[in-house]
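Report on the following structure.
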Amino acid sequence: MEAERRRRERAPIVRSRWTWPAKEAGLSPREGEMSGLIEQGLSNEEVAERCYFSPNSVKTYVSSACQEMDVSTRAQAVSWGIGNGIKLDR
């Protein structure tokens, strides 16, 4: 018991798989991922290639994320993402 507690104290902090940037704003993990990728300046086609989705699926995710963020342009979505801690290190 004590050894397990000590091991956990030394272990690196890992975010729960249910925690992601902008969760509180209502974005799904996938919408957050799409937001992070468009924040990097990628087009829908480039995001689709990276994530193995169709460009139409990416467009749907981005559109849904924009609705959740209450923005109407990609530039506004990028600004919102930066302000809410969405950043992918890919």
Side-chain angles (χ1 to χ4, degrees):
M1 210 59 164
E2 182 66 24
E4 177 66 19
R5 185 185 63 75
R6 278 185 273 138
R7 185 188 62 77
R8 276 192 236 152
E9 287 175 355
R10 288 191 311 261
I13 296 173
V14 178
R15 285 184 159 173
S16 163
R17 66 184 185 126
W18 300 111
T19 302
W20 58 91
K23 177 182 179 182
E24 296 77 25
L27 265 61
S28 71
R30 185 69 70 199
E31 290 167 344
E33 179 182 20
M34 297 298 126
S35 297
L37 291 170
I38 67 169
E39 184 181 310
Q40 293 177 9
L42 300 178
S43 68
N44 286 351
E45 291 76 20
E46 292 167 325
V47 172
E49 188 176 301
R50 228 182 234 205
C51 296
Y52 303 102
F53 291 145
S54 74
N56 285 339
S57 292
V58 172
K59 185 177 178 181
T60 300
Y61 280 120
V62 171
S63 176
S64 177
C66 284
Q67 287 177 349
E68 291 293 332
M69 294 180 218
D70 196 29
V71 300
S72 56
T73 67
R74 237 175 143 86
Q76 289 173 333
V78 168
S79 177
W80 187 96
I82 291 168
N84 286 278
I86 296 176
K87 182 176 187 275
L88 296 181
D89 296 325
R90 284 194 176 180

query: With a cut-off of 6.0 Å (strictly less than), are more than 12 heavy atoms of other residues, nucleotides or ligands near CD of Q76?
result: yes

Are any of the side-chain heavy atoms of [X] and [Y] separated by less than 4.5 Å?
| X | Y | value |
| --- | --- | --- |
| L37 | Y61 | no |
| V58 | C51 | no |
| I38 | M34 | no |
| V62 | R74 | yes |

query: Just by modelled atom types, is the N56 backbone N or O under 3.5 Å from a matching donor or acceptor in the T60 side chain?
result: yes

For residues [X] and [Y], report the shortest heavy-atom separation together with the two atoms involved.
| X | Y | answer |
| --- | --- | --- |
| G41 | E46 | O-OE1, 4.1 Å |
| E31 | G26 | OE1-O, 3.9 Å |
| A77 | C66 | CB-SG, 3.9 Å |
| A65 | L27 | O-CD1, 4.2 Å |

Can you tell me how far apart [atom1] ([X]) and [atom2] ([Y]) are? Round to the nearest 0.5 Å.
| X | Y | atom1 | atom2 | answer |
| --- | --- | --- | --- | --- |
| Q40 | R50 | CD | CZ | 5.5 Å |
| E39 | S79 | CD | OG | 9.5 Å |
| F53 | E33 | CZ | CD | 6.5 Å |
| S64 | E68 | OG | CD | 5.5 Å |

